[in-house]
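In what follows, a single structure is set out as structure tokens and then discussed.
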Protein chains: 2
Amino acid sequence: MTVVRVAESKTDETGSCDVERYLRPDGQDRYTISEVAAFTGLSAHTLRWYERIGLMPHVDRSHTGQRRFTNRDLDWLALVGKLRLTGMPVSDMVTYAELVRAGDDTFAQRRALLEATRLDVLQRIAELQGTLTVLDGKIDSYAGAARAQERTGA
Amino acid sequence: MTVVRVAESKTDETGSCDVERYLRPDGQDRYTISEVAAFTGLSAHTLRWYERIGLMPHVDRSHTGQRRFTNRDLDWLALVGKLRLTGMPVSDMVTYAELVRAGDDTFAQRRALLEATRLDVLQRIAELQGTLTVLDGKIDSYAGAARAQERTGA
DNA sequence: TAGGACCTTGGAGCGCACTCCAAGCAACCC
DNA sequence: GGGTTGCTTGGAGTGCGCTCCAAGGTCCTA
């Protein structure tokens, strides 16, 4: 199985957008659950759970009932991965997935959801930068204290 | 009860450092658990739990056994609040608290812990900035789609 | 001295996001 | 045909960080 690196702009359910693609074999479009687990870093358990809770669009099955994921599914999982990094709760991601399934009439709601998430992310970044100030102050004070201990031979 | 706003550099167990102080009454140095809950935004439950798990230095008691927090405790809780914002697990905060209790020989370990946390924070900020790119791309695509729908009278 | 607000404890419960288990079916290799 | 590996399911379990409960003691005001 050849795995190639692909990281370029893509087309998904809402038109082109920059979500970095997971590694995937060239030209293939049917993956087993363990292949997808390897590409995405998610466990097979988690992939099944995502499907159960409605976070995946309908996933194809083989004639014996085994899941066969497509490149579209990988694209979706790449987006989910990004949303997960934002700290968006899984329940909100499910809501988003439901809006996508509901069709193009839900663009405004989807956009509102993403804009709310965007504000959360900006706030979180600001918080983290605030913690960096404190952390750096503390680290400096320990460094200074260590130097003082050395000088006094402690 | 007079509550004044104080936000200045402070002196704590490691020397001066910039942790913003919680609101606190002027000149007072003994607070009940519900006062501390009001200042910090933590629940009384959480404050008791922090003490139980070893995340607080020893907290004074009244003659009848009720907790009486001091300004020092408020300073410590302000630092804990910042560490919590970094995403540091509570177990690591407990480790840090134990190092503080162990005395000045642990400066190097405390510093290492904070530097590891600092790197985590930097990485998290980078991740979040990556998600902003995706979010903005998506939001733009929905905005564009909405304009297109309007033009076609959909 | 009564009433209500506030405090104490150990331990149980909760919400989130997984994570794993048991029992069974399917595919493939020797 | 037997063995190994991988897949299926519903449901139970896990770890984290709280959050709450019951039963009782304390503080404050009138």
Side-chain angles (χ1 to χ4, degrees), chain A residues 1 25 28 30-56 58-70 73 76-77 79-97 117 120 124 127 131, chain B residues 1 25 28 30-56 58-70 73 76-77 79-97 117 120 124 127 131:
Chain A
M1 188 169 73
Q28 197 181 328
R30 278 171 80 79
Y31 311 99
T32 65
I33 197 164
S34 58
E35 285 171 329
V36 174
F39 298 154
T40 62
L42 298 167
S43 72
H45 293 302
T46 300
L47 289 168
R48 292 192 198 98
W49 179 67
Y50 276 5
E51 192 184 356
R52 245 192 290 183
I53 65 174
L55 188 47
M56 288 297 297
H58 176 77
V59 176
D60 273 5
R61 298 296 178 124
S62 72
H63 68 105
T64 55
Q66 296 194 348
R67 288 173 185 80
R68 291 296 178 259
F69 293 81
T70 64
D73 294 325
W76 172 253
L77 285 170
L79 175 60
V80 164
K82 284 291 183 186
L83 292 180
R84 202 167 46 126
L85 283 179
T86 67
M88 182 189 272
V90 168
S91 58
D92 284 5
M93 290 192 252
V94 170
T95 300
Y96 184 80
T117 303
D120 288 347
R124 188 86 190 92
E127 280 175 0
T131 69
Chain B
M1 188 171 72
Q28 196 182 327
R30 278 172 81 78
Y31 311 101
T32 66
I33 198 165
S34 59
E35 285 170 330
V36 175
F39 299 153
T40 61
L42 297 167
S43 72
H45 293 301
T46 300
L47 290 168
R48 292 193 198 100
W49 180 67
Y50 277 5
E51 192 184 356
R52 242 192 293 184
I53 65 175
L55 188 46
M56 289 296 297
H58 176 77
V59 177
D60 271 5
R61 299 296 178 124
S62 72
H63 68 107
T64 56
Q66 295 194 349
R67 288 174 185 80
R68 292 295 178 260
F69 293 80
T70 64
D73 294 326
W76 173 253
L77 285 169
L79 175 61
V80 165
K82 285 290 183 185
L83 293 180
R84 202 168 47 126
L85 284 179
T86 67
M88 183 190 270
V90 168
S91 58
D92 285 5
M93 290 192 251
V94 171
T95 299
Y96 184 80
T117 303
D120 288 348
R124 188 85 189 93
E127 279 175 2
T131 69

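Note on naming: letters A, B, ... go to the chains in the order of the sequence lines (proteins, then strands), and numbering restarts at 1 for each one.
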Original post:
Yes or no on side-chain hydrogen bond (donor to acceptor under 3.5 Å, both in side chains) for A:Thr117 and A:Asp120, after CA distance, side-chain angles and deciding distance?
Top reply: CA-CA 5 Å; A:Thr117 303; A:Asp120 288 347; 5.3 Å; no
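- Summary of the strand contacts: B:Gly65 and A:His45 both lie near DNA chain C, and taking for each the nucleotide with the nearest heavy atom, the more 5' one is attributed to B:Gly65.
- If you check every strand for non-hydrogen atoms under 4.0 Å, B:Arg67 touches sugar and phosphate atoms only.
- With contacts defined as side-chain heavy-atom distances shorter than 4.5 Å, the pair A:Asp73/A:Arg67 does not qualify.
- Side-chain contact of A:Thr95 with A:Asp92: a donor-acceptor pair under 3.5 Å is absent, judged by distance alone.
- Mapping B:Leu42 and A:Glu51 onto DNA chain D by nearest heavy atom places A:Glu51 at the nucleotide closer to the 5' end.
- Across every non-hydrogen atom of A:Val36 and A:Tyr31, the tightest pair is CG2-CB, 3.7 Å.
- In this structure, B:Thr32 and B:Gln66 have side chains that are not in contact, with every pair of non-hydrogen atoms separated by 4.5 Å or more.
- A:Arg61 places its CZ atom 14 Å from the P atom of C:dA26, with the value rounded to the nearest Å.
- Taking a heavy-atom distance under 4.0 Å as the criterion, the stretch of DNA chain D touched by chain B extends 5' to 3' from D:dG17 to D:dC27.
- With respect to the salt-bridge test (charged N to carboxylate O, under 4.0 angstrom), the residues A:Glu51 and A:Arg48 do not qualify.
- When rounded to the nearest whole Å, the span between CH2 of A:Trp49 and C1' of C:dC18 equals 6 Å.
- Neither OP1 nor OP2 of C:dA17 sits under 4.0 Å from any side-chain N or O of A:Tyr50.
- The separation between A:Arg68 atom CZ and C:dA26 atom C1' is 10 Å, rounded to whole Å.
- Rounding to whole angstrom units, CZ of residue B:Arg48 and P of C:dC7 are separated by 7 Å.
- Counting non-hydrogen atoms under 4.0 angstrom, B:Ser43 reaches nothing in the nucleic acid.
- A 4.5 Å side-chain heavy-atom check between B:Thr40 and B:Phe69 finds every atom pair outside the cut-off.
- If you measure from atom CG of A:Leu47 to atom C1' of C:dC20, you get 15 Å, rounded to the nearest angstrom.
- An OP1 or OP2 oxygen of C:dC16 is reached within less than 4.0 angstrom by no side-chain nitrogen or oxygen of A:Arg84.
- Each of B:Ser62 and B:Gly87 lies near DNA chain D, and the nucleotide nearest B:Gly87 is the one positioned closer to the 5' end.
- Taking atom CZ on B:Arg52 and atom P on C:dG11, their separation rounds to 9 Å, with Å as the unit.
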